[in-house]
Amino acid sequence: MILFYQNGVEVDGMDFGITEIGKTNTIEVMIKNTYNDNISLSNEYSLDKDVKILEYVKTLKPQEYGKVILSFTPNLNRQESLKKKQIGFKVVIG
């Protein structure tokens with residue numbers, strides 16, 4: 001399992017704070033590999049069209065942390081709030 005951390009606290013979703021329409025807010029979160037094996041991450045995805053994965057660590061050793069950089073740019077027509085889990089990865093163990 002991969003756990004997500006923001007500001008040192010485990011989170012279910014990322015907090016971009018208040019982001020004005022048309023402006024971009026970029027945050028850094030950490031992910032942790034809780035498996036007892038090395039993992040490779042690929043096929044990153046976002047469940048929200050306004051959230052982009054700019055950078056992420058591609059491999060993690062057991063219990064290792066890695067950095068993920070995300071951006072959020074709400075468009076002019078946006079009416080819904082952010083979903084709890086905005087991003088994910090395909091995880092290959094071993």
Side-chain angles (χ1 to χ4, degrees):
M1 169 184 276
I2 295 176
L3 299 178
F4 290 84
Y5 293 84
Q6 188 171 7
N7 299 321
V9 177
E10 184 180 342
V11 293
D12 286 333
M14 289 47 166
D15 182 1
F16 286 90
I18 297 172
T19 306
E20 294 180 40
I21 299 293
K23 303 276 179 154
T24 299
N25 194 358
T26 303
I27 62 171
E28 181 180 304
V29 296
M30 300 298 286
I31 55 175
K32 180 181 179 184
N33 173 11
T34 63
Y35 295 102
N36 292 323
D37 291 304
N38 293 342
I39 62 170
S40 297
L41 303 175
S42 64
N43 295 352
E44 71 279 1
Y45 64 87
S46 173
L47 298 175
D48 190 300
K49 62 182 173 40
D50 296 336
V51 174
K52 305 287 185 243
I53 301 170
L54 303 177
E55 180 182 320
Y56 67 96
V57 62
K58 304 290 192 267
T59 60
L60 289 169
K61 296 177 183 171
Q63 306 306 313
E64 184 177 39
Y65 291 85
K67 177 172 62 171
V68 178
I69 298 177
L70 305 167
S71 71
F72 175 54
T73 308
N75 70 45
L76 185 59
N77 300 323
R78 187 177 184 92
Q79 295 183 9
E80 71 276 356
S81 61
L82 285 173
K83 299 168 181 66
K84 268 290 212 189
K85 274 276 198 204
Q86 295 107 346
I87 65 164
F89 302 93
K90 177 182 176 187
V91 177
V92 177
I93 300 171

Practice problem: Mind checking side chain to side chain contact (heavy atoms under 4.5 Å, CB included) for T24 and listing every partner two or more places apart, or none if nothing turns up? | Solution: T26, S71, T73

Quiz item: Is any side-chain heavy atom of K90 less than 4.5 Å from a side-chain heavy atom of V92?
Solution: yes

Quiz prompt | Donor-acceptor contact present, side-chain Y35 to main-chain M1, <3.5 Å | solution = yes

Self-check item: Hphob cluster co-occupancy, I93 + Y56, side-chain heavy atoms under 4.5 angstrom
Solution: yes

Practice problem: Show your reasoning for whether side chain to side chain contact (heavy atoms under 4.5 Å, CB included) applies to V57 and E64. | Solution: CA-CA 11 Å; V57 62; E64 184 177 39; over 6 Å; no

Self-check item: Residue pair N33 / K61: nearest heavy atoms and the distance that separates them
Solution: ND2-O, 3.0 Å

Quiz item: Distance under 6.0 Å and angle within 45° of the ring axis: does K67 meet both against Y65?
Solution: no

Quiz item: Would you say E44's side chain and G88's backbone share a donor-acceptor pair under 3.5 angstrom?
Solution: no

Quiz prompt | Parallel, tilted or perpendicular, as decided by the 30° and 60° cut-offs, for the rings of F16 and F72 | solution = tilted

Exercise. Quick one: pull up CD1 in I31 and CG in L3 and give me the separation to the nearest 0.5 Å.
Key: 10.0 Å

Quiz item: Side chains of V68 and F89: does their closest heavy-atom pair fall under 4.5 Å?
Solution: yes

Self-check item: Donor-acceptor contact below 3.5 Å, side chain Q6 vs main chain V11
Solution: no

Quiz item: Is any side-chain heavy atom of V51 less than 4.5 Å from a side-chain heavy atom of I87?
Solution: yes

Quiz item: Does the pair I39 and I2 meet the rule for a side chain to side chain contact (heavy atoms under 4.5 Å, CB included), with working shown?
Solution: CA-CA 10 Å; I39 62 170; I2 295 176; 4.1 Å; yes

Quiz item: For the atom pair CG (L60) and CG (D37), what is the distance rounded to the nearest 0.5 Å?
Solution: 12.5 Å

Quiz item: Going hydrophobic residue to hydrophobic residue with side-chain gaps under 4.5 angstrom, can you get from I53 over to V29?
Solution: yes

Quiz item: Hey, mind stepping through D50 and E80 against side chain to side chain contact (heavy atoms under 4.5 Å, CB included) and telling me if it holds?
Solution: CA-CA 11 Å; D50 296 336; E80 71 276 356; 5.5 Å; no

Quiz item: For the atom pair CG (N7) and CD (E28), what is the distance rounded to the nearest 0.5 Å?
Solution: 9.5 Å

Quiz item: Heavy-atom count around E10 CD within 6.0 Å, excluding the residue itself: above 12?
Solution: yes

Quiz item: Would you call L41 and T59 a side-chain contact if the rule is heavy atoms closer than 4.5 Å?
Solution: no

